[in-house]
Each structure stands twice: as C-alpha cells, then as structure tokens.
Amino acid sequence: MTAGINAPGRARIPVRSLRTDRWWLPPLVTNLGLATFVIYATVRSFMGEWYWVNDYHYLTPFYSPCISESCVPGSSHFGAWIGELPGWIPMGFLALPFLLGFRLTCYYYRKAYYRSVWQSPTACAVAEPHAKYSGETKFPLILQNVHRYFFYVAGLVAVINTYDAIVAFHSPDGGFGMGLGNVILVINVVMLWAYTLSCHSCRHIAGGRLKHFSAHPIRYKLWTFVSKLNVRHMQLAWITLGTLMLTDLYVMLVASGAISDLRFV
Ligand code: FES
C-alpha cells in the first residue's frame, strides 16, 4: 500500500496505534448496540404477529401504518389500501424503508458506523485498515446527501405514530382507558419527536441561510429550540432505539398473552 498510513511522508510505526487506553471499547459498544437493534427489528418486522392489542388498541411502531389486508382487524388506522401481502414483505413496509434511510443517513449514525463498522478510522490516532479515502464525495456515499428528504418522511411517520399513541387510550368496553402500555407508547412518541426535531437538517430548515436573525424572529426562536435539542442528538439517537424496542416488546408480550397490561383507568 502506498496510501493511507503507508503513504510517503507518514511516520513508520510498527503497531496499529501507540495508544495505551481502551480505544477499542467505544466502537465495540457501538457495534453491539447497533447489532442488537438491527437483529431485533429485523426479526420483529418479519414475524407477522403480536403487533396489535385489540382490547387496548396498542399498535407497535414497527407495523405502523398497517395498510394491507394482511393486517389484523382494527390495526389499519388509515384503511387497507392493498390486498394480502406475501410473508416475506413486512406489514410495516410503507414506512420502514424511509425510517431505515433516515437513520442510515443520519449525521450521528454515519459517524458511529463509519468508525465502528467501517473503521474509518476506528478512533483518533488509530490506523485505519483502508488504503484510500474519498469521504462522501463519490458514489455510493454521496447519496448520504438525501438525508434532508428522509427527514420530511420521518416527520410524517412521527405524526402517524402520534396518532397511534392517541387512539391507544382505549378501554375494552369502548371509551377512554389507560394502562402502562399508554405510558410506554407516549414516552416512545415524545422521544421520536425529540430525535426527529433534533436532526441537523431540521436545524438547517429552521434557521439556515439567514443573514440576519433579527429580521426573522420566529425562525430564530425555532432555530434556538432545535439547537438545544440538537446538542443531544447522539443521546436521542440511542434512546429512541431503546424506546422503539421496549415499546414493541411490551406490545408483543401483551398481544401474545405472555403478560397482562397494567391498567390504571
Ligand atoms: Fe440525525 Fe438528521 S442528523 S436524524
């Protein structure tokens, strides 16, 4: 190799890094966290059952919106637009590709998986295994620029998830009801909004390309609000992976009859 760490002019260091701390730990933890979510979400998305609790109208976010005739009665809040789906197509197929695209192109996740999965570089002062580096200037990584468009769709899905959380305040006798599932669904949706609104594209939409904030007081207020969330974007990215899994797990356990929902009203 004549590029990367072997390029002319680079110091000849026989080991990968001279660092003596546990520099490998953060990428390892990141890999384990991402792998846990990917495996869980994949299994659940293709499972095709235990996603709807008819008594309480709990719908897992992994199956929302459910728009096919394969969806169990009651779970299609926006109607069944298409016929039966073959088993290899997840019932949440409408939103899942956009949500996946939103997360894959997210500025934080890019940093996370470039370092931990692609090892480019794994950590500061740790040699990367790749000989070439073209950043995000070439195909396919140049496609990361579509992130801003995924943001709009993710906003729409957050509205749908909010609707799902509202209609879940339902009692088996009809009318208002509330249980632990509602608390979990609402926490999940609040966290999803916080993650979505803390997006760097959202911050740019709110206050980008302005020459004078004083001439745009409303956009300045929005930008200030989004900026406060934006500094927590990494934490929100991880929290929402956790709340999504927790919400789905709870709905699955109640829907399958493994546990009963704790009812308050
Ligand atoms: Fe992470 Fe937009 S930068 S969601």
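What's counted below: heavy atoms across the whole structure, side chains too, no hydrogens, waters or symmetry copies. We're numbering straight along the sequence, starting at 1. For ligands, and for the atoms within them, numbers begin at 1 and follow the listed sequence.
Heavy-atom contacts of Y195 reach the following atoms of ligand 1: 1 (Fe), 4 (S) (cutoff under 4.0 Å).
Near-neighbour remark for atom 2 (Fe) of ligand 1: protein N, O or S atoms under 2.8 Å are H147 NE2, C199 SG; waters not counted.
C66 pairs by the disulfide (SG to SG under 2.5 Å) definition with C71, not counting sequence neighbours. Partners of S227 under the side-chain hydrogen bond (donor to acceptor under 3.5 Å, both in side chains) rule, at least two apart in sequence or in another chain, are R203.
Only one option out of R263, M178, H170 pairs with Y56 in a side chain to side chain contact (heavy atoms under 4.5 Å, CB included); it is R263.
Taking the ring centroids of F102 and F150, they lie at or beyond the 6.0 Å cut-off.
Taking the ring axis of F98 as reference, the NZ or CZ atom of R103 does not stay both within 45° of it and closer than 6.0 Å to the ring centre. Judged by a 6.0 Å distance limit and a 45° cone about the ring axis, R148 is not positioned over the six-membered ring of F151.
At a heavy-atom distance under 4.0 Å, no atom of Y109 approaches ligand 1.
Sorted by first and then second residue, the pairs that involve residues 236-256 and meet salt bridge (charged side-chain N to carboxylate O under 4.0 Å, His left out), not counting sequence neighbours, are R44-D248.
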